[in-house]
Amino acid sequence: MKLSPLALLGLPFLYLTSALPKITRTGKYLYDESGSRFYIKGVAYQPQGEAAAESEANAANGGFPEPSSFHDPLSSPQNCTRDLPYLKQLGVNSVRVYSVNSSLNHDECMKTFSDNGIYVLLDVSLPLNGSIDRSSPSWSTNLLNEYISTIDAFRNYDNILGFNIGNEVITQVSNTNAAPYVKAAARDIKAYLKSVSSSALVGYSATDGDADFRNSLAEYLTCGGDDIAVDLYGLNNYEWCGDSSYNASGWNAIVSGMQDIPVATYMSEYGCIFSPPRLWTEVAALFSTPVSDVFSGGVAFSYFPTSDGYGMVTISSDGNTVTTSDDFNRLSTQYNATSPPNSPAKSSVTAGQTNCPSESSSLVASNTLPPTPNEQVCNCINEKALSCLVRSSTANSPTIVGDLLNYACQLLGSSTNGTASCDPIGGNGTSGTYGELSYCSPAIKLSYAMSAYYEFNPVDTSCDFSGNATLSPTRPNTAEDASSSASQCLSSEPSGGVFTPSPVSSSGASSTSSSATGSRSASGTAPAGSNGGGASSGASVALSGSVLMSVAGVMGAVVGGALMVL
């Protein structure tokens with residue numbers, strides 16, 4: 001059905017002139033400034049990008065299709081104005097946006113939505129190398145900088161409801177070892193938001209699965225104190241198909257399994273297409289008891305067309321005309337008929353905290369978290385202690401960096417008789433052991449591995465790697481110089497490895513804050529003797545067992561029959 005935007009603009013609008021009420025979390029519920037309970041009545045608002053080529057690593061971790069590009073829906077004032085009448089017709093109060101370009105201007109779109117009562121739930125990760133890699137997880141400086149850049153571009157808008165630090169990073173039990181990295185990201189982003197006086201919520205959106213997997217992951221990411229638990233836990237669920245019911249869809253088991261989660265939960269995606277037509281009868285259940293006793297609304301998928309049939313509108317080839325579908329009309333009817341309960345009262349809610357689950361058959365995640373990524377330490381090591389550096393043209397290609405890093409680490413394992421390895425740049429989320437440089441960017445990790453190999457045979461050809469590396473003009477003259485430089489660089493690491501990140505500088509780096517904060521433990525208690533980090537994106541760098549290799553003690557090279565240490 002085609003409707004005139006001018007006609008639609010005659011629909012009643014809310015909040016046309018005043019700022020939107022701030023939404024905050026108390027315990028497991030969301031409330032506005034008046035104390036009324038807030039429910040997310042949303043729709044996914046992200047044009048589809050190109051799909052990335054399938055990889056062996058992705059196939060082994062659930063085979064979820066990954067985008068290789070994206071279109072920023074909040075950077076086009078014309079498109080936001082075009083879509084506004086239809087979003088209002090749907091009756092939504094929120095849109096979920098998955099990827100944006102933080103360097104573009106979003107003022108007009110955000111104001112258009114704010115003026116009309118629409119909040120934005122924004123994912124801060126990006127396709128390919130801009131998110132935590134489930135096949136080789138890491139919480140690293142490049143990701144922290146990217147997330148903060150996006151947050152800084154949006155945190156002053158009054159209609160930012162929250163920032164999602166991950167979407168379906170963990171897809172099955174075998175990659176729950178990525179959960180400590182996701183939780184470390186939540187910890188550091190929450191600390192940053194607090195430091196800039198932002199009340200935006202921090203969330204994560206999980207894939208669905210069997211009850212043990214689903215509940216264990218939810219418990220893990222929401223346990224511990226407020227400084228490390230996410231505020232908003234989303235479940236991407238497509239089990240209510242056609243004219244299903246609370247019991248037949250399995251929603252009864254989901255509600256029961258999540259009733260003790262201490263933070264706000266919502267359906268971050270829903271809308272099954274496998275028993276057409278989409279009747280959206282789950283909307284009535286979502287916004288009434290018993291579901292509303294646990295969940296605070298949800299996000300229907302998807303406003304824009306998708307290649308697999310989830311879209312609710314089509315856009316003309318010139319981008320000017322929107323045509324709605326029967327799916328759209330049925331969702332509009334359901335959303336506009338909701339009247340969720342305004343209970344429990346905010347004054348009656350007591351914030352709770354749950355203990356973190358132990359490793360089990362459904363969760364292989366340690367309660368020891370990686371440290372805060374430290375750009376200062378990584379840059380210092382790169383500039384003062386490494387001899388062989390990746391070329392900048394190569395550093396901008398995540399696939400080449402990943403392949404070279406795997407190759408360099410294999411060379412170390414086969415060429416040094418075990419005296420050097422990639423352990424200092426690797427991490428293991430199951431054992432909770434993390435190398436001292438595991439939080440550095442993939443490029444610096446690669447330079448570390450190539451430098452370690454070069455030192456075993458310090459001739460120019462050892463620092464070539466098919467033209468992808470070059471000798472550093474500031475490389476250390478002797479083994480003693482390298483060891484001293486590395487020790488000095490590492491000495492600037494704050495005690496405990498956790499601190500509040502600072503805004504990203506003009507050079508694209510987040511500096512180290514002088515104030516330490518947070519915890520290295522998922523339970524909120526720092527264990528004695530723990531270290532921290534993560535593996536590089538695109539490469540399988542992992543620590544085994546509980547072995548930790550010191551950068552200052554084991555970079556390793558045999559020169560004249562003696563072990564050179566950094």
Side-chain angles (χ1 to χ4, degrees), residues 1 40-52 54 58-59 61-67 86 90-92 95-96 98 123 134 167-173 205-215 217-218 233-258 265-288 291 294-295 297-315 323-335 337-338:
M1 175 177 68
I40 297 168
K41 191 162 55 172
V43 67
Y45 188 74
Q46 184 78 44
Q48 186 171 12
E50 298 297 321
E54 182 58 75
N58 188 47
N61 283 275
F64 279 55
E66 302 291 346
Y86 300 95
L90 273 179
V92 301
V95 293
R96 181 180 173 196
Y98 293 74
D123 289 46
R134 69 176 67 93
N167 179 65
E168 297 187 347
V169 174
I170 299 142
T171 58
Q172 55 194 29
V173 172
S205 293
T207 187
D208 202 358
D210 66 60
D212 287 343
F213 166 77
R214 179 176 63 231
N215 296 338
L217 182 61
Y233 191 84
L235 181 67
N236 296 342
N237 176 273
Y238 293 89
E239 297 304 311
W240 191 303
C241 298
D243 193 18
S244 191
S245 66
Y246 178 65
N247 291 331
S249 66
W251 276 30
N252 57 334
I254 293 173
V255 170
S256 175
M258 293 198 165
T265 58
Y266 74 115
M267 295 291 186
S268 43
E269 289 177 10
Y270 70 93
C272 172
I273 61 172
F274 296 115
S275 293
R278 288 205 279 188
L279 301 176
W280 301 106
T281 52
E282 66 265 48
V283 170
L286 184 58
F287 292 92
S288 61
V291 182
V294 175
F295 284 86
V299 175
F301 192 87
S302 154
Y303 177 81
F304 289 105
T306 69
S307 59
D308 45 5
Y310 283 94
M312 286 179 261
V313 305
T314 55
I315 311 294
T323 303
T324 62
S325 67
D326 289 340
D327 272 5
F328 176 98
N329 297 330
R330 285 188 290 265
L331 179 62
S332 174
T333 298
Q334 292 285 349
Y335 263 167
T338 59

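Excluded from the calculations below are hydrogen atoms, water molecules and symmetry mates; all remaining heavy atoms, backbone and side chain alike, are included.
Panel note: side chain Arg96, backbone Ser268; a donor-acceptor pair is recorded below 3.5 Å. Side-chain N or O atoms of Gln46 include one that pairs as donor or acceptor with a backbone N or O of Tyr98 at under 3.5 Å. A donor-acceptor pair under 3.5 Å is absent between the side-chain atoms of Ser205 and the main chain of Leu235, judged by distance alone. Remark: side-chain polar atoms of Arg330 are not paired, donor with acceptor, to backbone N or O of Trp280 under 3.5 angstrom. Between the side chain of Tyr303 and the backbone N or O of Phe328, no donor-acceptor pair lies under 3.5 Å. Judged by distance alone, with hydrogens and angles left aside, the side-chain atoms of Arg134 form a donor-acceptor pair with the main-chain N or O of Glu168 at under 3.5 Å. Side-chain N or O atoms of Ser325 include one that pairs as donor or acceptor with a backbone N or O of Met312 at under 3.5 Å.
Within the 4.5 Å cutoff, side-chain heavy atoms of Phe213 are placed close to those of Thr207. At a threshold of 4.5 Å between non-hydrogen side-chain atoms, the residues Asp326 and Asn329 count as touching. Contact annotation: the side chain of Asn237 never approaches that of Glu282 to less than 4.5 Å [non-hydrogen atoms, C-beta and beyond]. Looking at Thr306 and Phe301, their side chains come closer than 4.5 Å, going by heavy atoms from C-beta outward. Between Trp240 and Trp251, the closest side-chain pair of non-hydrogen atoms falls below 4.5 Å. For the pair Asn236/Asn167, a side-chain contact is recorded, criterion being any heavy-atom separation below 4.5 Å from C-beta on. Tyr45 is not listed as a side-chain neighbour of Val92, based on a closest heavy-atom distance of 4.5 Å or more.
For the residue pair Cys272 and Ser275, the shortest heavy atom distance occurs at SG-N, 4.4 Å. Nearest heavy atom pair, residue Leu286 against residue Phe295, reads CD1-CB, 4.3 Å. Here the closest heavy-atom approach between residue Met258 and residue Val294 is recorded as O-CG1, 3.6 Å. Scanning both residues, Ile40 and Phe287, for their nearest heavy atoms gives O-CZ, 3.5 Å. Shown here for Leu217 and Ala206, the closest heavy-atom pair between the two residues is CD2-CB, 4.4 Å. Summarising the geometry of Tyr266 relative to Val299, their closest heavy-atom pair is CE1-CG2, 3.9 Å, with the distance given to 0.1 Å.
Within the 6.0 Å centre-distance limit, the rings of Tyr310 and Tyr238 are counted as a close aromatic pair.
Leu331 CG to Thr324 OG1: the interatomic distance, rounded to the nearest 0.5 Å, is 11.5 Å. Between the OG1 atom of Thr281 and the OH atom of Tyr246 there is a distance of 14.5 Å, given to the nearest 0.5 Å. Here the straight-line distance linking atom CD1 of Ile273 with atom CG of Asp327 works out to 9.0 Å at 0.5 Å rounding.
Every residue meeting the salt bridge (Lys or Arg N to Asp or Glu O under 4.0 Å) condition with Asp208, not counting sequence neighbours, appears here in chain and number order: Arg214.
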